Amino acid sequence: MQSLKGFRDFFPEEMAERTYLFDSWRRVARRFGFVEFDGPPLELLELYTRKSGDEIVGQLYNFQDRGGREVALRPEMTPTLARMVAARAPSLPKPLKWFSIPQLFRQEKNQRGRLREHFQLNVDIVGSPAIEADAELLSVALEVMRELGLAPEDVVARVNDRRIISGVLGLLGISPKIAPAVYAVVDKFRKVPAEVFSDLLAEAGVERNAALQIQGLCDRSVNLFEWCRSQPVDETTRRVVSDLERYLEIFREAKLGQFVETDFSIVRGLAYYTGIVFELYDRKGVERAICGGGRYDDLVASFGGPKLPALGFGMGDVVLTLMLRDRGLLPAPAPRVEVVVIPVGGELQSAARQVTNELRSAGLPTETPFEPAGVGKDLKAASRDRARFAVIVGPEEWQVNEATLKDLGSGEQYRVPIRELASRIRDAQ
Ligand code: HAM
């Protein structure tokens, strides 16, 4: 029997990589003052059909449960968060800073970096409209990159604002009716060749001249800020553009500016974003986002809560792990045990068990062979398992409550009273 396509088995080596990543995620999120939450992996289907948009709804694992309810495995965490916040909005202290590491399920086409389940660090802030909150959010994602050993040569954060795209499309005479289709094409800018991109714009109903302007903004032959200054853009767009400039300034001040670029083609596939949006990419690798997020000020209200400004991101484990593996940035898994207790002869097996229990009680990862094979073989097995110490329990020493402590790295060994074993091992660590 094989596992389902797009679903992973985590053998211990892979599990060690996953644990390393999750520990780093948790450390950084907590460093910024975020608290962890979780929700159910199965939700009512309607939670996703209401606001997430067609792309993700087309990838749902959904079915009717035995009670006749339409349910779905969660493909993302944001609707669950919005539902939970809406349910208790008045009593939750704001701004609320939450993080979570859910496993998510999407029935996608299988490709490198894209699976049918993945884990995602979600970091969200609810209750602040300030641009400083937007900057803090992206700072968390960038700090995760640094924590994992990734620098601006490795990763770029591409940022944009949904309201700028909508302002630009308005100015180019593109009707709001076709705007969602145009967003979807702009989102594909980096994924398709230039000719296909202009064909897609034409298919969406964009005239040639407007299409050329969009193409120029996307490939950056036209500078977005200069373009907006030279055009009769409306007041809202002008304010949004100046906010975006201030946002970029915050990263320059924090010496994170090298990570961040504006990019008109970042619109995000999900339907609920309303403001600044961003995606993180591997500068050298395939065009798969490591992370994506932005502002979604209307989502909480759409689940029956008050109108609360909100923003967040999701960072997947799949692309990130591939990147870290390619660059040799994943640490070797820690040894299984630190100490192996080896009896000299079968009569001392129960004595070895007793010593093992004492060391375990002292908090040291310790084991003793189930079937001792002789000191030489047992020592070899302990070295193969990368244990740091062996404790050899021989008849003479045992009679005077002692054992031989052997440092498996240096080969040094000496007799130690049993009650001092744990502290000696600790001191040597
Ligand atoms: P998303 O862009 O759909 O956003 O996913 C975020 C990240 O999850 C992606 O950049 C990618 O690294 C990873 N990811 C998504 N789908 C897959 C997949 N099939 N296989 C492997 N990795 C994948 C969201 O999900 C939003 N809910 C994020 C968010 C949180 N927005 C606000 N708060």
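Order of appearance sets the numbers: ligands from 1, and atoms from 1 within every ligand. This is a predicted model, so every value here is computed, not measured.
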Sequence-distant partners of Ala271, side-chain contact (heavy atoms from CB on, under 4.5 Å), two or more places apart: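 Partners of Ala271 by the side-chain contact (heavy atoms from CB on, under 4.5 Å) criterion come out as none, since no residue qualifies.
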
Please list, chain by chain and in numerical order, all residues satisfying side-chain contact (heavy atoms from CB on, under 4.5 Å) with Arg69, sequence neighbours excluded.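 Counting only residues at least two positions away or on another chain, Arg69 forms a side-chain contact (heavy atoms from CB on, under 4.5 Å) with Leu44, Asp65, Val71.
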
So which pairs with a foot in residues 127-148 pass ring pair (Phe, Tyr, Trp, His ring centres under 6.0 Å), sequence neighbours left out?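 The answer is none; no pair qualifies.
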
Run through ligand 1 for me and note each protein residue having a heavy atom under 4.0 Å from it, chain first, then residue number.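 Around ligand 1, where the cutoff is 4.0 Å for heavy atoms, the contacting residues are Glu76, Thr78, Arg106, Glu108, Gly113, Arg114, Leu115, His118, Gln120, Asn122, Asp124, Arg268, Leu270, Tyr272, Tyr273, Ala289, Ile290, Cys291, Gly292, Tyr296, Gly312, Phe313, Gly314, Gly316, Val318.
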
Polar contact flag, side-chain donor to acceptor under 3.5 angstrom, [X]-[Y]:
X	Y	answer
Thr78	Tyr272	yes
Tyr273	Asp298	no
Ser100	Glu36	no

